[in-house]
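Just so it is clear, the values below take in all heavy atoms, side chains as well, and ignore hydrogens, waters and symmetry mates. By convention in this document, chain letters (A, B, ...) are assigned in the order of the sequence lines, proteins followed by strands, and residues within each chain are numbered from 1.
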Protein chains: 2
Amino acid sequence: MALSEEELFRAMADPTRRRILDLLAEHGTLSVSELSAHFPGLVTSGISKHLMALRAAGLVTATRQGRHQLYAIDAEAMSRAVAPWVARYEAYWTGALDRLKKAGQEE
Amino acid sequence: MALSEEELFRAMADPTRRRILDLLAEHGTLSVSELSAHFPGLVTSGISKHLMALRAAGLVTATRQGRHQLYAIDAEAMSRAVAPWVARYEAYWTGALDRLKKAGQEE
DNA sequence: GCAACGTCTTACCGTACGGTAATGCATTAC
DNA sequence: GTAATGCATTACCGTACGGTAAGACGTTGC
């Protein structure tokens with residue numbers, strides 16, 4: 001469940017998967033067919049494949065409910081994976097801003 | 001220079017490109033050959049290709065100095081692209097935590 | 001029981017992408 | 001001038017990946 005940076009960015013690389021995560025973030029929990037309804041250009045099995053990938057990467061969790069499979073974002077795992085990366089670059093950004101100001105261009 | 005979310009995540013998808021960005025974040029400015037030295041398993045032209053990709057995506061800037069090409073992170077463009085995405089999911093994470101604390105099932 | 005449904009799985013196909021090798025093009029060194 | 005350096009570009013190759021189609025599997029409903 002480590003959800004390495006590698007897995008995170010590989011999972012986020014595809015626009016369909018990002019859209020799925022957005023939908024899950026918005027609705028909290030959705031079944032495969034509900035998600036599928038938001039992708040008219042794609043077949044259900046394709047969505048299922050993406051979900052399996054997200055699940056393998058550890059970004060989402062799945063709970064069976066009858067014949068439906070309910071997916072939701074694993075918020076904890078995701079934030080754990082994102083946080084260090086954001087922190088690393090935030091440090092750089094502020095540093096870069098300082099350097100810019102020092103360099104003579106103040107805004 | 002918009003650096004869409006799509007371009008951002010496509011650029012971040014490759015581990016070599018992420019490593020390049022890390023190195024640039026750490027050293028501020030590096031030439032192609034200096035960067036290349038950090039990738040013993042790769043040929044220089046490969047690094048150059050990755051740099052061109054990062055440049056096309058708008059994550060780095062390049063300035064020629066003699067026969068060296070100096071690359072640096074375009075911190076402003078990068079933070080502009082990352083910020084909305086981080087904000088969107090940060091909102092979700094805190095929301096998810098609240099929902100967890102409530103532990104209520106009405107929704 | 002059986003049929004419909006929801007999802008997963010397994011081929012399979014096309015394409016996009018990371019990698020190398022070779023060449024070209026400036027710029028610096030001699 | 002010529003040679004060497006640093007980088008970009010092009011062509012090419014292998015593979016990984018997103019997509020579909022078809023079938024398997026469990027579940028619900030009759």
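Distance from the side chain of A:H68 is smallest to C:dT7 among C:dT7, D:dC7, C:dC8. The side chain of A:H50 lies closest to D:dG19, out of D:dG19, D:dA8, C:dT20. Closest to the A:R17 side chain, of the nucleotides D:dC7, D:dG18, D:dG19, is D:dG18. The side chain of A:V32 has C:dC8 as its nearest neighbour among D:dT9, C:dC8, C:dC17.
Distance A:F9 CZ to C:dG18 C1': 19 Å, rounded to the nearest Å. As rounded to whole Å, 17 Å separates atom C1' of D:dG18 from atom CE of A:M12. As a whole-Å value, the separation of A:L51 CG from C:dG6 C1' is 13 Å. Summarising the geometry, the separation between CG on A:L35 and P on C:dG6 is reported as 14 Å, rounded to the nearest angstrom. The OH atom of A:Y71 sits 8 Å away from the C1' atom of C:dT7 (whole-angstrom rounding). Straight-line distance from the CZ atom of A:F39 to the P atom of C:dT7: 14 Å, rounded to whole Å. Here C:dG18 presents its P atom at 12 Å from CD of A:E6, a figure rounded to the nearest Å. Rounded to whole Å, the distance from CE on A:M52 to C1' on C:dG6 is 14 Å.
Along DNA chain C, the nucleotide nearest to B:L42 and the one nearest to A:S33 differ in position, and the one closer to the 5' end is contacted by A:S33.
Using a 4.0 Å cut-off, some side-chain N or O of A:T16 falls inside it from OP1 or OP2 of D:dG19. An OP1 or OP2 oxygen of D:dA8 is reached within less than 4.0 angstrom by a side-chain nitrogen or oxygen of B:S48. Phosphate proximity of C:dG6 to A:Q69: absent, as no side-chain N or O sits under 4.0 Å from OP1 or OP2.
Each ring pair (Phe, Tyr, Trp, His ring centres under 6.0 Å) pair with one or both residues in residues 3-25 of chain A, not counting sequence neighbours, appears once here: A:F9-A:W85. Residue pairs meeting the salt bridge (charged side-chain N to carboxylate O under 4.0 Å, His left out) criterion with at least one partner in residues 19-44 of chain A, sequence neighbours excluded, are A:D22-B:R88. For residues 47-80 of chain B, there are no ring pair (Phe, Tyr, Trp, His ring centres under 6.0 Å) pairs, not counting sequence neighbours.
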* To do: List the steps and the verdict of side chain to side chain contact (heavy atoms under 4.5 Å, CB included) for A:L51 and A:Q69.
  => CA-CA 10 Å; A:L51 286 169; A:Q69 194 83 244; over 6 Å; no

* To do: I would like to know whether B:F39 and B:I20 meet side chain to side chain contact (heavy atoms under 4.5 Å, CB included); could you show each step before the answer?
  => CA-CA 9 Å; B:F39 299 88; B:I20 287 177; 3.9 Å; yes

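A donor-acceptor pair is defined here as one N or O able to donate and one able to accept, closer than 3.5 Å; such a pair exists between the side chain of B:R18 and the backbone of B:M12. A:S48 contributes no side-chain N or O that, together with a main-chain N or O of A:T44, makes up a donor-acceptor pair within less than 3.5 Å.
When all heavy atoms of A:A72 and A:T29 are compared, the closest pair comes out as CB-OG1, 3.8 Å.
Note that CZ of A:R10 is 9.0 Å distant from CD of A:E7, once rounded to the nearest 0.5 Å.
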Look for any protein N or O under 3.5 Å of an N or O in nucleotides 21-24 of chain C and output each such pair with its distance, or none.
from   : atom 1 : to    : atom 2 : distance (Å)
C:dA21 : N6     : B:S45 : OG     : 3.4

Can you give me every donor-acceptor pair (side chain of residues 56-66 of chain A, partner residue at least two apart or in another chain, under 3.5 Å) with its distance?
from  : atom 1 : to    : atom 2 : distance (Å)
A:R64 : NE     : A:G66 : O      : 3.1

* Structure fact -> Each nucleotide of nucleotides 23-30 of chain D classed B (base within 4.0 Å of a protein heavy atom), S (only sugar-phosphate) or -, in 5' to 3' order, makes ----BB--

